[in-house]
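Pasting in a structure now, in structure tokens, and then I'll have a few things to ask.
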Amino acid sequence: MATDRRRAILEGAARVIARRGVRGLRMEELAAEAGVSTALIYYHFKDRAGILRHTLEFISDRADRYTSDVEDAAGPSDAREELEQSLLLEFQDVPEVRENSTAWGELRASAIFEPELRGDLARATLAWIHDVADLLSCVRPTAPAPALTASAERLTGLLEGLSTRWLSGALPLTHARELVREAISVEIETLSD
């Protein structure tokens with residue numbers, strides 16, 4: 001039961017942050033969104049910083065789940081296809097992905113003004129970079145680790161920027177996906193030099 005309430009609070013926090021931003025996160029609105037009391041929010045998360053930290057973990061875990069889902073029962077046929085699929089699943093026009101991407105962008109932007117978010121955000125970003133570097137290493141197993149990491153940093157940075165443009169209506173989804181595919185090709189080619 002406590003796990004269900006905790007999850008409801010985190011889901012509510014992701015929705016509120018995606019809708020109103022981190023600065024617009026109010027405990028009363030979060031409580032109403034999650035269907036719990038504000039006292040229960042503080043019981044589970046201690047303070048606002050705790051809610052933000054755990055919401056960041058929640059959306060990172062949720063992104064891990066939907067970027068590793070395989071639409072086709074056979075799954076990707078090779079390492080490159082697995083890499084491409086993982087990155088392109090960040091660009092799905094479905095509420096959960098839009099909400100997650102929006103909340104991630106809001107948390108990243110807020111870290112500029114809220115230093116207590118920076119460490120957690122840096123760790124989450126580093127985990128994502130390592131995941132992408134691992135996928136790249138399956139495509140180019142002889143590439144040195146620093147080159148794989150640099151490619152992963154460029155790809156994840158590009159995804160965040162393209163996601164912001166897509167979510168704000170400045171870039172059509174199909175074009176964002178096309179740009180990601182092209183960037184993957186460029187990075188793989190760079191790693192083969």
Side-chain angles (χ1 to χ4, degrees), residues 2-38 40-69 85-132 152-153 155-173 176-177 179-180:
T3 305
D4 292 342
R5 287 184 179 166
R6 186 178 171 85
R7 182 174 179 79
I9 294 167
L10 293 171
E11 288 173 346
R15 280 191 302 275
V16 172
I17 290 170
R19 192 170 53 237
R20 300 212 184 277
V22 171
R23 290 184 175 194
L25 179 64
R26 302 286 177 263
M27 293 310 110
E28 298 77 20
E29 183 179 0
L30 174 54
E33 186 77 31
V36 300
S37 68
T38 55
L40 190 62
I41 293 171
Y42 287 113
Y43 171 78
H44 283 291
F45 300 102
K46 307 289 183 247
D47 57 18
R48 188 173 190 277
I51 293 165
L52 295 176
R53 181 175 49 259
H54 288 283
T55 302
L56 179 61
E57 290 172 16
F58 173 79
I59 64 173
S60 292
D61 290 346
R62 190 163 66 173
D64 285 344
R65 280 192 309 279
Y66 66 68
T67 58
S68 61
D69 282 349
Q85 178 182 344
S86 176
L87 297 179
L88 289 175
L89 285 172
E90 293 283 356
F91 294 93
Q92 300 177 68
D93 198 10
V94 296
E96 180 182 56
V97 175
R98 292 180 72 88
E99 179 183 283
N100 231 47
S101 295
T102 303
W104 176 268
E106 288 293 331
L107 286 158
R108 175 158 309 285
S110 292
I112 295 168
F113 306 103
E114 299 192 34
E116 68 272 5
L117 279 175
R118 292 179 188 166
D120 295 317
L121 190 61
R123 282 186 288 283
T125 301
L126 191 57
W128 187 25
I129 290 167
H130 284 288
D131 290 346
V132 174
E153 284 184 286
L155 286 171
T156 55
L158 176 70
L159 260 69
E160 286 181 335
L162 292 176
S163 179
T164 300
R165 289 182 183 185
W166 162 55
L167 291 166
S168 67
L171 184 68
L173 180 61
R177 293 174 66 89
L179 291 171
V180 171

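FYI, side chains are in, hydrogens and waters are out, and symmetry mates aren't considered; it's all heavy atoms of this structure. All figures in this text were calculated on a predicted structure; none of them were measured in a lab.
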Begin from the C-alpha positions of Leu10 and Phe45 and carry the test side-chain contact (heavy atoms from CB on, under 4.5 Å) through to its verdict. CA-CA 10 Å; Leu10 293 171; Phe45 300 102; 3.8 Å; yes
Between Glu99 and Arg62, does at least one N-O distance fall below 4.0 Å, as a salt bridge requires? yes
Taking the side chain as everything from C-beta on, heavy atoms only, tell me whether Tyr66 gets closer than 4.5 Å to Val94. no
Quick one, His54 and Arg6 - any side-chain contact, counting heavy atoms below 4.5 Å? yes
State, yes or no, whether a side-chain contact exists between Asp64 and Ser68 at a heavy-atom distance under 4.5 Å. no
Locate the shortest heavy-atom distance separating Ser60 from Ala124; write the atom from each residue and the value. OG-CB, 3.8 Å
Are Thr125 and Arg108 side-chain neighbours, meaning at least one heavy-atom pair lies under 4.5 Å? yes
Distance check, rounded to the nearest 0.5 Å: Phe58 atom CZ versus Leu56 atom CG? 12.0 Å
Test side-chain contact (heavy atoms from CB on, under 4.5 Å) on Leu121 and Trp104; report intermediate values, then the result. CA-CA 9 Å; Leu121 190 61; Trp104 176 268; 4.0 Å; yes
Please tell me if the side chains of Leu52 and Glu114 come closer than 4.5 Å, counting only heavy atoms from C-beta onward. yes
What are the two closest non-hydrogen atoms of Ser110 and Leu117, and how far apart are they? CB-CD1, 4.0 Å
For Val22 and Phe113: C-alpha separation, side-chain torsions, deciding distance, then whether side-chain contact (heavy atoms from CB on, under 4.5 Å) applies. CA-CA 10 Å; Val22 171; Phe113 306 103; over 6 Å; no
So how far is it from Arg7 CZ to Ile9 CD1, rounded to the nearest 0.5 Å? 12.5 Å
Taking Arg177 for the side chain and Leu88 for the main chain, is one N or O donor matched with an acceptor at less than 3.5 Å? yes
Heavy-atom closest pair (Thr38 atom, Met27 atom, distance to 0.1 Å) is CG2-O, 3.6 Å
Heavy-atom neighbours of Arg48 CZ exceed 12 at 6.0 Å: yes
If we ignore hydrogens and angles and just use 3.5 Å, is the side chain of Gln92 paired with the main-chain N or O of Leu89 as donor and acceptor? yes
Any idea which heavy atoms bring Leu173 and Asp93 closest together, and the distance? CD2-CB, 3.8 Å
Inspect the contact between Glu33 and Arg20 and indicate whether a charged nitrogen and a carboxylate oxygen are less than 4.0 angstrom apart. no
Which heavy atom of Ala111 sits nearest a heavy atom of Arg118, and at what distance? O-NE, 2.7 Å
Closest approach of Ala176 to Leu171 (non-hydrogen atoms, all atoms of both residues): CB-CD2, 3.6 Å
Side chains of Trp128 and Glu90 in contact at under 4.5 Å (non-hydrogen atoms): yes
Does the side-chain contact (heavy atoms from CB on, under 4.5 Å) test come out yes or no for Ile17 and Ile59, once each step is laid out? CA-CA 11 Å; Ile17 290 170; Ile59 64 173; over 6 Å; no
Below 4.5 Å, heavy atoms only, C-beta onward: do Thr67 and Asp131 meet side chain to side chain? no
Using the rule given for salt bridge (Lys or Arg N to Asp or Glu O under 4.0 Å), can you reason through Arg53 versus Glu57, listing the C-alpha separation, both sets of side-chain angles and the distance that settles it, and then say yes or no? CA-CA 6 Å; Arg53 181 175 49 259; Glu57 290 172 16; 5.1 Å; no
Is there a donor-acceptor pair closer than 3.5 Å between any side-chain N or O of Ser101 and the backbone N or O of Arg98? no
Measure the CG-CD1 distance between Asp47 and Ile41 for me, rounded to the nearest 0.5 Å. 12.5 Å
Interatomic spacing from OG1 in Thr164 to CD in Glu106 - rounded to 0.5 Å: 9.0 Å
Salt bridge (Lys or Arg N to Asp or Glu O under 4.0 Å), that's the test. Do Arg123 and Asp120 meet it? Break it down for me. CA-CA 5 Å; Arg123 282 186 288 283; Asp120 295 317; 2.7 Å; yes
